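Shown next, in structure tokens, is the structure this report addresses.
Every value quoted in this text rests on a predicted model; they were computed, and no experiment measured them.
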Amino acid sequence: MIKVERVSKKFKLPIEKRYTLFEEIVAFIRGKRDFVEFWALKDVTFNVKKGEIFGIMGPNGSGKSTLLKIIAGVLYPDSGKVEVRGKVTPILELGVGFNPELTAKENVYVYGVIMGLKKEEVKKKCDEIFRFAELERFKNMKLKNFSSGMYARLAFATAIATEPEILLIDEVLAVGDINFQRKCIEKIKELNENGTTIVVVSHSPEMIADICDRAMLLENGVVKAIGESKDIVGTYMKQYSSDGDI
Ligand SMILES: Nc1ncnc2c1ncn2[C@@H]1O[C@H](COP(=O)(O)OP(=O)(O)OP(=O)(O)O)[C@@H](O)[C@H]1O
């Protein structure tokens with residue numbers, strides 16, 4: 001269960017670049033501020049029920065990833081409250097916090113242990129992780145040499161192996177090829193049938209309509225609509241498909 005109540009998040013955006021010490025001093029004397037405050041999320045409220053697949057849609061920069069990071073506890077809101085019941089497994093933009101200097105297998109071990117598995121349990125799951133990711137040949141390759149698709153495959157396969165109670169998925173499927181995407185979608189449905197609650201951020205109307213029970217549309221950090229996934233996809237398509245911002 002996830003309860004997000006009136007969550008707002010602001011970032012500071014730099015307003016001008018200064019290249020020299022002289023420019024810095026002049027700006028200091030003039031008392032100029034370096035940044036403007038910018039609200040990435042404003043008063044966001046919604047619930048995700050236990051066992052639900054909940055989709056988050058919205059144009060680029062609307063605050064989707066920021067929201068997922070707040071639910072994952074990677075970022076803190078400036079105001080509002082987030083309540084999460086259950087173990088959260090996030091698969092965020094750039095994988096799951098892997099270390100590029102370690103090999104794929106070493107990363108799987110580190111991640112598994114961080115997620116609370118015993119070393120023996122990771123060892124047992126390791127073959128299945130690499131089989132699902134179809135990366136058996138690359139076990140001993142350093143992650144820095146992985147393509148973004150390979151990285152996403154490993155992130156997804158590793159995250160699902162921890163038997164998550166709540167899975168947060170941020171666009172990770174978009175970088176996988178079509179076969180892998182299909183396989184992940186089947187896996188998401190299977191996990192959900194076994195009780196996993198899933199929140200998925202996606203630009204794909206087909207995917208949201210296919211797998212989500214309900215969805216939410218964000219725009220400029222504000223909730224525009226929450227409802228049945230097919231209705232939300234309809235609103236999203238109507239609003240954004242003509243200007244190509246999907
Ligand atoms: N660490 C940060 N510092 C400053 N601004 C940030 C930071 N993270 C995000 N932002 C800004 O917050 C806004 C929302 O970003 P976010 O990544 O949440 O959007 P998004 O909906 O996930 O976009 P996309 O569809 O492009 O992935 C953007 O304008 C972005 O530039």
Side-chain angles (χ1 to χ4, degrees), residues 1-13 36-86 88-96 152 166-175 181 184-185 188 192 196-246:
M1 191 275 309
I2 302 168
K3 206 167 163 188
V4 175
E5 235 176 84
R6 307 202 63 183
V7 160
S8 296
K9 175 75 189 169
K10 71 175 171 224
F11 289 118
K12 289 173 178 171
L13 296 181
V36 282
E37 282 177 348
F38 155 81
W39 290 93
L41 294 172
K42 284 173 266 181
D43 235 354
V44 172
T45 297
F46 68 100
N47 291 328
V48 180
K49 295 175 209 138
K50 190 173 183 311
E52 202 175 20
I53 308 187
F54 189 84
I56 303 178
M57 307 191 81
N60 292 134
S62 54
K64 305 180 296 297
S65 301
T66 305
L67 184 55
L68 234 50
K69 284 178 194 157
I70 289 175
I71 298 171
V74 176
L75 284 178
Y76 290 107
D78 287 289
S79 61
K81 217 170 71 183
V82 177
E83 202 186 314
V84 179
R85 272 192 226 141
V88 178
T89 302
I91 315 176
L92 303 179
E93 285 155 313
L94 296 171
V96 286
I166 299 172
L167 189 61
L168 308 178
I169 308 174
D170 191 356
E171 277 296 341
V172 66
L173 306 183
V175 287
Q181 274 182 30
C184 289
I185 287 170
I188 288 171
N192 182 247
T196 305
T197 304
I198 295 161
V199 181
V200 56
V201 164
S202 176
H203 286 285
S204 162
E206 294 81 16
M207 190 177 121
I208 296 284
D210 176 24
I211 68 168
C212 295
D213 304 303
R214 290 189 307 133
M216 173 169 84
L217 179 59
L218 273 183
E219 196 182 277
N220 296 322
V222 174
V223 177
K224 280 284 153 187
I226 300 179
E228 296 264 317
S229 60
K230 287 183 181 64
D231 296 337
I232 300 301
V233 165
T235 310
Y236 179 69
M237 296 285 280
K238 224 186 283 164
Q239 215 134 336
Y240 300 108
S241 60
S242 55
D243 57 21
D245 195 5
I246 286 185

Should the heavy atoms of other residues, nucleotides or ligands under 6.0 Å from NZ of Lys42 be counted, would the total exceed 12?
yes

Does the Lys9 side chain pair with the main chain of Thr66, one donor and one acceptor, at a distance under 3.5 Å?
no

First locate atom CD of Glu52, then atom CD1 of Ile2, and finally report the distance between them rounded to the nearest 0.5 Å.
9.5 Å

Give, for atom CD1 of Ile188 and atom CD1 of Ile169, the distance between the pair rounded to the nearest 0.5 Å.
3.5 Å

Of all the heavy-atom pairs spanning Ala72 and Val88, show the shortest one and how long it is.
CA-CG1, 4.3 Å

If you compare all heavy atoms of Leu218 against all heavy atoms of Ser62, which two are closest, and at what distance to 0.1 Å?
O-CB, 3.5 Å

Evaluate side-chain contact (heavy atoms from CB on, under 4.5 Å) for Val44 paired with Phe46, printing each intermediate quantity in order.
CA-CA 7 Å; Val44 172; Phe46 68 100; 3.8 Å; yes

Walk me through it: do Arg214 and Glu228 pass the test salt bridge (Lys or Arg N to Asp or Glu O under 4.0 Å)?
CA-CA 4 Å; Arg214 290 189 307 133; Glu228 296 264 317; over 6 Å; no

Within the structure provided, determine whether Phe11 and Leu41 are in side-chain contact (heavy-atom separation under 4.5 Å).
no

Measure across Gly51 and Asp213 and return the closest heavy-atom pair with its distance rounded to 0.1 Å.
O-OD2, 4.4 Å

Between Glu171 and His203 (side chain of the first, backbone of the second, donor and acceptor by atom type, cut-off under 3.5 Å), is there such a pair?
yes

I'd like to know whether Val82 forms a side-chain contact (heavy atoms from CB on, under 4.5 Å) with Lys3, so could you lay out the CA-CA distance, the side-chain angles of the two residues, the decisive distance to 0.1 Å, and finally the verdict.
CA-CA 6 Å; Val82 177; Lys3 206 167 163 188; over 6 Å; no

What's the shortest heavy-atom distance between Phe54 and Asn47, and which atoms?
CE1-O, 4.2 Å

Roughly how far, to the nearest 0.5 Å, is the OG atom of Ser204 from the CD atom of Gln181?
7.5 Å

Let me confirm one number: the CD1-CE distance from Ile166 to Met1, rounded to the nearest 0.5 Å.
8.0 Å

What are the two closest non-hydrogen atoms of Ile53 and Val200, and how far apart are they?
CG2-CG1, 4.3 Å

Looking at Leu167, is its backbone amide N or carbonyl O close enough to the side chain of Thr89 to form a donor-acceptor pair, meaning the two atoms are under 3.5 Å apart?
no

Under 3.5 Å, side chain of Asp78 to main-chain N/O of Lys10, donor-acceptor pair present?
yes

Taking Asp43's backbone N and O only, do any of them form a donor-acceptor pair with Ser8's side chain (distance below 3.5 Å, no angle check)?
yes

Here the pair of heavy atoms bringing Cys212 nearest to Ser229 is O-OG, 2.7 Å

Can you spot which of Val4, Ile232, Ile56, Val199 makes a side-chain contact (heavy atoms from CB on, under 4.5 Å) with Met216?
Ile56

Using 0.5 Å steps for rounding, measure from the CD1 atom of Ile70 to the CG atom of Leu75.
6.0 Å

Tell me, do Met207 and Ile185 make a side-chain contact under 4.5 Å, heavy atoms counted?
yes

Between Glu83 and Arg85, does any NZ, NE, NH1 or NH2 come within less than 4.0 Å of an OD or OE carboxylate oxygen?
yes

Begin with the C-alpha distance, continue with both residues' side-chain angles, and end with the deciding distance and a verdict on side-chain contact (heavy atoms from CB on, under 4.5 Å) for Val7 and Lys81.
CA-CA 6 Å; Val7 160; Lys81 217 170 71 183; 5.8 Å; no

For Asp170 and Ile91, run side-chain contact (heavy atoms from CB on, under 4.5 Å): C-alpha distance rounded to whole Å, both residues' side-chain angles, the deciding distance at 0.1 Å, then the answer.
CA-CA 6 Å; Asp170 191 356; Ile91 315 176; over 6 Å; no

